[in-house]
Amino acid sequence: MWVLAVFVLVTVCALLRITYLGFTGVTPRHGELGDLLIPARGEIVDRNGVPLARDFRVYSLWFNPKAMTAGSSLIHSPEEVTAGLLRIFPDLDRDDILARLRAGRPCYLRKSILPEDANKVHALGEPALEFPLEATRFYPQGSMAAHVLGYVDSYGKGKVGMEQAFDDQLVSSDGRAGSSVLSIDFRVQSALEDELAHAMLLSQAKGAAGVVLDVDTGEILALASLPSFDPNHVKPTDMVISPQEAAQGDVPRGFNRVTNQVYELGSTFKPLTVASALDAGVVTDLGRQWPATPLHVGRFTIHDLHNYGATLNVPETLIHSSNTVTARIADELGGVRLKKTMEALGMNERPYVELPAKGFPIWPRGEWPRLRTMTVAYGHGIAVTPLHLASAYAALVNGGIWRPATLRKLGAADIPAGRRVFKASTSARMRQLLRMIVQYGTGRKADAPGFRVGGKTGSAEKPGAGGYRKHSLIATFAAAFPMDKPRFVVISMMDEPQGTAATSYQRTAAWNAAPVIQRVVPRIGPLLGVMPDETRDIDITDLRPLVPGSAEE
């Protein structure tokens with residue numbers, strides 16, 4: 001009877017439990033089972049689904065001195081165990097491992113070991129050497145896009161890049177079960193990083209930066225800052241440098257030059273000034289001749305790098321990159337209108353992007369006096385990030401619409417409407433002028449046959465404690481292609497390039513930043529659906545007569 005009573009009681013409890021779960025829908029074990037099947041942190045993939053960051057279960061080598069219930073923690077001597085480990089892992093520090101074994105305190109001897117190496121350690125016959133299976137964050141592309149991705153610290157928190165920006169999303173139930181999709185295309189990212197590294201080597205530059213941006217959506221297809229770091233093995237020196245290094249103008253490898261560092265980007269601002277003047281009606285005749293002689297403003301004199309003649313028209317001004325004529329155009333435009341254009345391009349705010357590290361521009365507040373207006377017109381007296389410049393050039397060539405940059409892949413319904421900065425007619429004219437700069441001016445070394453590249457060079461001295469440092473340049477090229485129907489902006493920047501034999505002993509952007517565009521565009525164009533076609537180009541027949549020597553070409 002007692003046995004029967006127990007069975008009846010168990011049956012009644014089971015039925016009541018089934019009834020309760022049927023009405024409430026509570027399934028506590030489902031969550032527990034799901035936690036075992038999905039990673040602790042969701043994966044990050046590029047726009048095509050290629051994994052960029054994911055959780056990975058690996059063995060670690062753990063020293064557990066309490067594994068032995070009595071006597072010594074090791075069967076063999078510490079010296080013998082160390083010798084055995086060195087045969088399996090020759091790169092271990094012998095003295096460090098020996099000291100840890102002798103100290104008798106629990107510790108990791110090595111993180112992330114292969115299963116076959118775990119078997120070899122097991123063969124040593126030491127119970128104190130254990131192999132816990134742990135989850136680690138793995139970046140299959142190595143250091144590629146490190147500044148975009150960031151890394152995960154030992155506490156499982158995302159740091160620096162999209163790991164930090166997406167931290168809550170990646171550890172949520174939906175984020176763990178799915179993928180967080182970036183706008184990055186790892187093929188384009190790889191090509192950009194490769195060409196920037198090549199240019200750094202040729203010019204012996206201190207650093208480099210680059211961006212590839214979709215002009216119609218604001219999506220960032222590649223973002224590179226060099227030198228980089230490996231998020232699989234982050235070292236303290238990757239994030240922090242000594243005061244002595246900082247005094248020399250160095251930055252940590254983990255510092256993002258594209259979004260966190262602001263620079264005076266020099267002559268790349270001249271097309272923005274000309275576009276603003278076209279929009280305002282200050283420039284109505286591109287053939288008008290402007291004085292190109294040195295311009296005296298108070299105690300200061302604005303001059304050009306070379307003597308380009310007594311006068312220049314607007315196409316010649318951009319082709320030769322004249323400071324004096326650009327300053328005169330800005331003087332007629334006025335500080336109020338130029339400042340309004342720069343504000344509409346977001347130059348007075350931190351860059352629009354999801355990354356946590358975003359530098360604030362050096363932005364002249366208040367009313368701009370005459371000299372300030374002139375210097376801003378050719379890219380001095382205002383400092384912004386390369387990402388600011390990329391977004392501004394997108395608006396310059398896409399019909400005049402500024403959109404915020406993003407590292408999220410956007411669907412057709414997600415593309416922001418943006419805001420109009422330039423008239424469509426102004427944008428069309430600027431596409432012609434930018435193409436002429438590459439065909440006949442300082443941007444010749446950026447031309448990639450068949451891809452109709454347009455753009456502008458910019459070489460600016462870096463500011464220092466006692467003023468501008470004449471031997472330290474920021475060399476930039478801002479480009480777009482194809483200019484008959486622009487789809488992408490490409491920015492390349494060199495930090496303190498040197499004059500070397502490979503750059504004909506020149507340090508300006510025409511010799512180091514422009515060739516990056518020439519090499520990278522043919523690599524990424526076909527990947528992005530832009531095939532070379534030398535039978536097509538933007539029509540500039542109405543402007544050729546304004547540039548002596550171009551009409552015959």
Side-chain angles (χ1 to χ4, degrees), residues 141-149 184 186-212 220-231 235 237-239 241 245-246 248-266 268 359 385-387 389-390 442-443 445-446 448 455 457-462 469 471-479 489-524:
Q141 311 303 331
S143 63
M144 196 194 77
H147 293 87
V148 173
L149 297 170
I184 293 291
F186 96 99
R187 303 167 302 173
V188 178
Q189 180 76 28
S190 178
L192 180 63
E193 289 191 17
D194 183 46
E195 294 299 346
L196 286 173
H198 180 64
M200 268 184 68
L201 181 65
L202 292 180
S203 64
Q204 298 179 8
K206 180 178 289 187
V211 187
V212 179
I220 298 171
L221 301 180
L223 186 154
S225 177
L226 300 179
S228 189
F229 65 98
D230 186 353
K235 301 186 289 292
T237 52
D238 289 334
M239 299 299 150
I241 59 174
E245 291 173 314
Q248 295 175 358
D250 295 335
V251 295
R253 286 175 172 266
F255 189 84
N256 192 335
R257 298 172 189 269
V258 179
T259 65
N260 203 20
Q261 180 68 62
V262 296
Y263 305 91
E264 292 185 356
L265 294 175
T268 57
T385 69
L387 187 56
L389 187 67
T442 56
K445 292 186 180 298
T457 52
S459 303
E461 295 171 354
K462 293 177 71 173
R469 298 154 56 191
H471 299 291
S472 298
L473 291 184
I474 292 294
T476 310
F477 197 92
V489 163
V490 186
I491 305 292
S492 68
M493 189 199 78
M494 294 289 122
D495 187 355
E496 295 192 25
Q498 306 301 309
T500 66
T503 62
S504 299
Y505 300 100
Q506 303 295 317
R507 297 181 297 125
T508 56
W511 297 90
N512 46 59
V516 173
I517 305 298
Q518 184 184 61
R519 293 191 298 267
V520 80
V521 167
R523 291 182 64 175
I524 68 175

Side-chain contact, heavy-atom cut-off 4.5 Å: Leu387 with Val211?
yes
Rounded to the nearest 0.5 Å, how far apart are CD of Glu264 and OG1 of Thr476?
11.5 Å
With sequence neighbours left out, what residues match Phe229 under ring pair (Phe, Tyr, Trp, His ring centres under 6.0 Å)?
His147
Taking every non-hydrogen atom, the tightest pair across Pro522 and Ile517
CD-O, 4.2 Å
Note: Ala509 and Thr457 closest approach over all heavy atoms is CB-CB, 4.1 Å
How long is the gap from NZ on Lys445 to CD on Gln506, to the nearest 0.5 Å?
10.0 Å
I need the minimum non-hydrogen distance between Ala510 and Pro515, along with the two atoms involved.
O-CD, 3.7 Å
Measuring from atom CZ of Phe255 to atom OG of Ser228, what distance do you get when rounded to the nearest 0.5 angstrom?
14.0 Å
Please check if the side chain of Thr503 supplies one atom and the backbone of Thr500 the other of a donor-acceptor pair under 3.5 Å.
yes
Could you tell me which residues satisfy side-chain hydrogen bond (donor to acceptor under 3.5 Å, both in side chains) with Glu195, sequence neighbours excluded, listed by chain and number?
Arg519, Arg523
Where the side chain of Arg257 meets the backbone of Leu226, is there a donor-acceptor pair that is under 3.5 Å apart?
yes
State, yes or no, whether a side-chain contact exists between Asn260 and Thr385 at a heavy-atom distance under 4.5 Å.
no
So does Arg507 get a backbone contact from the side chain of Asn512, meaning a donor-acceptor N/O pair under 3.5 Å?
yes
Taking the side chain as C-beta and beyond, is there a heavy-atom pair between Val516 and Met494 under 4.5 Å?
yes
Check the pair Ile474 / Asp495 against side chain to side chain contact (heavy atoms under 4.5 Å, CB included), numbers first and verdict last.
CA-CA 5 Å; Ile474 292 294; Asp495 187 355; 3.4 Å; yes
Residue pair Glu496, Leu473: steps toward the side chain to side chain contact (heavy atoms under 4.5 Å, CB included) verdict
CA-CA 5 Å; Glu496 295 192 25; Leu473 291 184; over 6 Å; no
State whether the side chain of Ser225 and the backbone N or O of Val258 hold a donor-acceptor pair below 3.5 Å, judged by distance alone.
no
Reported NE2-to-OG distance for the pair His198 and Ser203, which is rounded to 0.5 angstrom:
10.0 Å
Output for pair (Arg187 CZ, Leu192 CG), nearest 0.5 Å, gives 14.5 Å
Pair Lys206, Asp250 - check side chain to side chain contact (heavy atoms under 4.5 Å, CB included), show working.
CA-CA 8 Å; Lys206 180 178 289 187; Asp250 295 335; 3.4 Å; yes
Determine whether Thr508 and Thr442 satisfy the following criterion, side chain to side chain contact (heavy atoms under 4.5 Å, CB included), listing intermediate values before the conclusion.
CA-CA 10 Å; Thr508 56; Thr442 56; over 6 Å; no
Where is the tightest heavy-atom contact between Met200 and Ala208, given as atom of each residue plus distance?
CG-CB, 3.5 Å
Please find the pair of heavy atoms, one from Ala513 and one from Phe477, that lie closest to each other, and give the distance.
CB-N, 3.8 Å
To the nearest 0.5 Å, what is the distance between CG (Leu149) and CE (Met144)?
7.5 Å
Please name the pair of heavy atoms, one in Leu196 and one in Ala224, separated by the smallest distance, quoted to 0.1 Å.
CD1-CB, 3.8 Å
